[in-house]
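All remarks here apply to the structure that follows.
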Amino acid sequence: MGTERKRKVSLVDVVDDDSTAKMVKTNGGLTVNNFINRWNRKPYSQRITTQIPQFVLEAVDLETRDKHRKMMVACTQPRRVAALSVSRRVAEEMDVSIGEEVGYSIRFEDCSSSRTVLKYLTDGMLLREAMTDPLLERYKVIILDEAHERTLATDLLFGLLKEILRNRTDLKLVVMSATLEAEKFKSYFFGAPLMKVPGRLHPVEIRYEKEPQREYLEAAITKVVEIHTKEPAGDILVFLTGEEEIEDACRKISNKVANLGEKVGPVKVLSLYSTLPPAMQQKIFEPAPPPVKEGGLPGRKIVVSTNIAETSLTIDGIVYVIDPGFAKQKVYNPRTRVESLLVSPISKASAHQRSGRAGRTQPGKCYRLYTEISFSNDLQPQTYPEILRSNLANTVLTLKKLGIDDLVHFDFMDPPAPETLMRALEVLNYLGAIDDEGNLTKLGEIMSEFPLDPQMSKMLIVSPEFNCSNEILSISAMVAVPNCFIRPRDAQEAADEAKARFAHIDGDHLTLLNVYHAYKQNNEDPSWCYENFVNHRALKSADNVRQQLVRIMARFNLKLCSTYFNSRDYYVNIKKAMLAGYFMQVAHLERTGHYLTVKDNQMVQLHPSNCLDPKPEWVIYNEYVFTSDNFIRTVTDIRGDWLVDIAPNYYDLSNFPRCEAKQVLDRLYKKREKEKDEARNRK
DNA sequence: GAGCACTGC
């Protein structure tokens, strides 16, 4: 996988003022021109290049005061592949073996040792480390790279490191950001010195539309054909919003070019999005097709991609970028507690990043399919940071575990809406993760250790009480990975039949359990997966996740157990354990034939991918998605009378909005009271 | 009878 090759930095690039030297205090100057590698005392085998983490290594003394051990320099990345590839390259440049002086640490893989002085890790991983090492005392310097991306983890690290810096005067923090917001960062971090490193991009000519475009998809396709017909050789990158749109565009582009016949050169039209199998993704790195005949018109590669090509993947050789100005973005509505994906206008920063993709190997052109006025007036300067667009239940749990008790006064660079924080606290309180004073409970402590949403951690932790932790582990792992069912356009019927063989009429969670069991019974065989239209990668990764969860369970002495398969309670126990985590995600089938979510009274539909038959009166759902309609996805049949047993606080009818579900529950509870009375009288 | 922006632990 080609990831962004980090810009190499040499001292001559440093163009800023006198503050440069203050940012990283140098002790005795830089030693990069020496012939002996100070890290392993061997002569350098090749000319090395320099980068900021290496500068930092040269500049600081990593020995602890007692000289007994060495502290480390950490460098965070938002993505695993980046942590991995950058660390490998830096190890190579420093001429040391990866995992020795230079290492990396990402989920499922710690490649570092007691000798490691420079460690690359994902921002999420550093946050995890802070849970056990609250002052991050193993680090002397922390470098937050790609800070402009403002991932949730980066934003939490911002606030956390500000607190840590108050307690640790010896700690140095370097924030690296390709941002226009330098002043905002500077003032947030106590007016820290600023250092500018110019980019090494070729110039990119920006072209705007004269009139606003109504149909951006059609406009993009037309522009591709126009470039191919009129412009000199060079590959094209088109940004669109999602898989379906991209596949559709690829077909249309191919057809249009084919219709032009021999008037134009040959093209290779390729789609690119994250769920595309890696082998297909690799095709974008293949060269453009050669001319049809010698001396004929040159060929062109056309890549139609989601935002994945904006940050995660870099394709060299792109000369033309087409930017319609839209992307699917996550939005969160705290009132309805729904996260959804909406096609929305991108930010100026994002538009800038997209245009930069045209100038990596030679001067390029970027066609923005909107007007210049629209660019300056309508686009917001920056994409809203993720923390303002997310459900924060898990984030709040993490912060509590990190010892941040007063969320209201926590120094967020961009504070989330109070309502979002209140919602998160409310959810955690109902789950028993925090008490009424907002303090983390013992249960909450354990929940915070699982790399899962709080609902899922809760069901996992209580599953031994329902004698089904083995099964809940498998279900959690399957729900935590991308959808495992494959449905190719040209074999939809066969795929549906294959899925039907796994279907459990009580619901999708149990269907996923069936798939996992079948996968294990067939020895994790990739060809079995292929024949049954399930995604081998997804199942492999579910297995990986499951193993990690098992290790965490063991750490807290949570036992692994199963109900005897032939017992009538086998599925009942599983469903009750799930309900113990997901009692806030229940929907009730109304007499009108619609489902209403309990307490929120949102009208929802079962997602068409469900396996239920017939429609049950009560269901729990894993996620609420708003796309072409309000759907609840991954749904399982449960019984109404379990609700009050398992979540009496939440299902306290004296504190319940008026609705059909309330009447039904009321009847159920009265009936149950009556039965209890009768049983008592019989005695 | 619809989907899967992208990440991370």
Side-chain angles (χ1 to χ4, degrees), chain A residues 3 76-83 105-110 121-132 146 149-157 239-248 271-277 305-313 326-331 339-344 346 350 353 383 385-387 389-390 394-395 397-398 401-402 447-454 456-457 480-489 492 495-496 535 538 541 544-545 548-549 551-552 605-611 623 625-634:
Chain A
T3 58
T76 68
Q77 297 292 325
R79 284 166 289 279
R80 282 189 225 156
V81 269
S105 178
I106 57 179
R107 187 181 184 183
F108 307 126
E109 204 185 347
D110 181 4
L121 66 180
T122 47
D123 47 13
M125 202 67 203
L126 185 62
L127 208 54
R128 284 272 143 187
E129 289 190 0
M131 283 184 169
T132 50
E146 310 284 4
E149 288 195 27
R150 301 292 302 276
T151 66
L152 244 171
T154 295
D155 266 25
L156 298 187
L157 285 170
F239 285 100
L240 291 177
T241 64
E243 168 175 351
E244 206 176 295
E245 192 179 80
I246 286 169
E247 294 296 353
D248 187 34
S271 49
L272 178 64
Y273 40 87
S274 73
T275 49
L276 203 65
S305 171
T306 61
N307 254 2
I308 193 171
E310 192 183 301
T311 47
S312 307
L313 279 174
F326 291 95
K328 275 193 193 167
Q329 284 173 309
K330 185 171 75 179
V331 287
E339 274 184 356
S340 43
L341 284 174
L342 288 184
V343 173
S344 29
I346 59 168
S350 185
Q353 178 75 7
T383 308
E386 198 184 359
I387 198 164
R389 299 182 285 118
S390 307
N394 208 18
T395 303
L397 186 63
T398 304
K401 170 69 186 174
L402 289 168
M447 281 169 62
S448 73
E449 296 284 332
F450 285 93
L452 302 170
D453 278 343
M456 217 188 281
S457 319
V481 301
N483 179 20
C484 69
F485 296 108
I486 299 171
R487 198 164 183 260
R489 200 178 285 269
Q492 293 186 348
D496 291 345
N535 183 340
S541 112
N544 219 350
V545 170
Q548 187 189 26
L549 299 179
R551 287 194 295 272
I552 302 172
Q605 308 244 31
L606 296 183
H607 194 272
S609 62
N610 83 84
C611 296
E623 55 179 346
V625 288
F626 174 67
T627 47
S628 58
D629 204 337
N630 289 299
F631 291 109
I632 48 176
R633 192 161 54 192
T634 316

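Below, each value reflects all heavy atoms present in this structure, side chains not excepted, and no hydrogens, waters or symmetry copies. Just so we're on the same page: letters track the sequence lines, and every chain starts at 1.
Rounding to whole angstrom units, CD of residue Glu449(A) and P of dG8(B) are separated by 21 Å. Look at CZ on Arg389(A): it is 13 Å from P on dC6(B), rounded to the nearest Å. Between Glu244(A) atom CD and dA2(B) atom C1' there is a gap of 9 Å when expressed in whole angstrom units. Between the CE atom of Met125(A) and the P atom of dT7(B) there is a distance of 19 Å, given to the nearest Å. Taking atom CG on Asp155(A) and atom C1' on dG8(B), their separation rounds to 14 Å, with Å as the unit. Taking atom CD of residue Gln329(A) and atom C1' of nucleotide dC6(B), one finds them 10 Å apart after rounding to whole Å. As rounded to whole Å, 15 Å separates atom P of dG1(B) from atom CD of Gln492(A). Arg150(A) has its CZ atom 19 Å from the P atom of dG8(B), to the nearest Å.
Side-chain contact between Arg79(A) and Glu149(A) is present, with at least one heavy-atom pair separated by less than 4.5 Å.
Each of Lys330(A) and Phe108(A) has a nearest nucleotide on DNA chain B; the 5'-most of these lies closest to Lys330(A). Nearer to the 5' terminus of DNA chain B, by closest-nucleotide assignment, is the contact made by Val625(A) (compared with the other of Val625(A) and Asp453(A)).
With dT7(B), dG3(B), dG8(B) as the choices, the nucleotide that has an atom nearest any side-chain atom of Ser274(A) turns out to be dT7(B). The side chain of Pro451(A) lies closest to dC9(B), out of dG1(B), dC9(B), dC6(B). Closest to the side chain of His607(A), out of dT7(B), dC9(B), dG3(B), is dG3(B). The side chain of Arg128(A) sits closest to dC9(B) out of dG3(B), dC9(B), dA2(B).
Between the side chain of Arg80(A) and the base of dG8(B) there is no donor-acceptor pair of N/O atoms closer than 3.5 Å.
Salt bridge status for Glu386(A) with Arg150(A): absent, with no side-chain N to carboxylate O gap under 4.0 Å. At a threshold of 4.0 Å, the pair Glu449(A)-Arg128(A) does not count as salt-bridged, since none of the basic side-chain nitrogens sits closer than that to a carboxylate oxygen.
Among the heavy atoms of the strands, none lies under 4.0 Å from Leu127(A). Within 4.0 Å of Ile308(A), counting heavy atoms only, lie sugar-phosphate atoms of the nucleic acid but no base atom. Backbone-only engagement by Thr241(A) is indicated by non-hydrogen atom pairs under 4.0 Å involving sugar-phosphate atoms exclusively. As judged by a 4.0 angstrom heavy-atom cut-off over every strand, Arg107(A) is placed among the base-contacting residues. Counting any heavy atom pair closer than 4.0 Å across all strands shown, Tyr273(A) reaches sugar-phosphate atoms only and no base atom.
Proximity of Thr122(A) to the phosphate of dG8(B): no side-chain N or O atom is located under 4.0 Å from OP1 or OP2. When the side-chain nitrogen and oxygen atoms of Ser609(A) are compared with OP1 and OP2 of dG1(B), none of them lie within a distance under 4.0 Å. Contact annotation: Thr306(A) side-chain N/O to dC6(B) OP1/OP2 distance is under 4.0 Å.
Side-chain contact annotation: Glu245(A) with Tyr273(A), donor-acceptor N/O pair under 3.5 Å absent. Gln77(A) and Thr122(A) share no side-chain donor-acceptor pair at under 3.5 Å.
Considering Asn394(A), Thr395(A), Thr398(A) as possible partners of Leu152(A), the one that fulfils the side-chain contact (heavy atoms from CB on, under 4.5 Å) test is Thr395(A).
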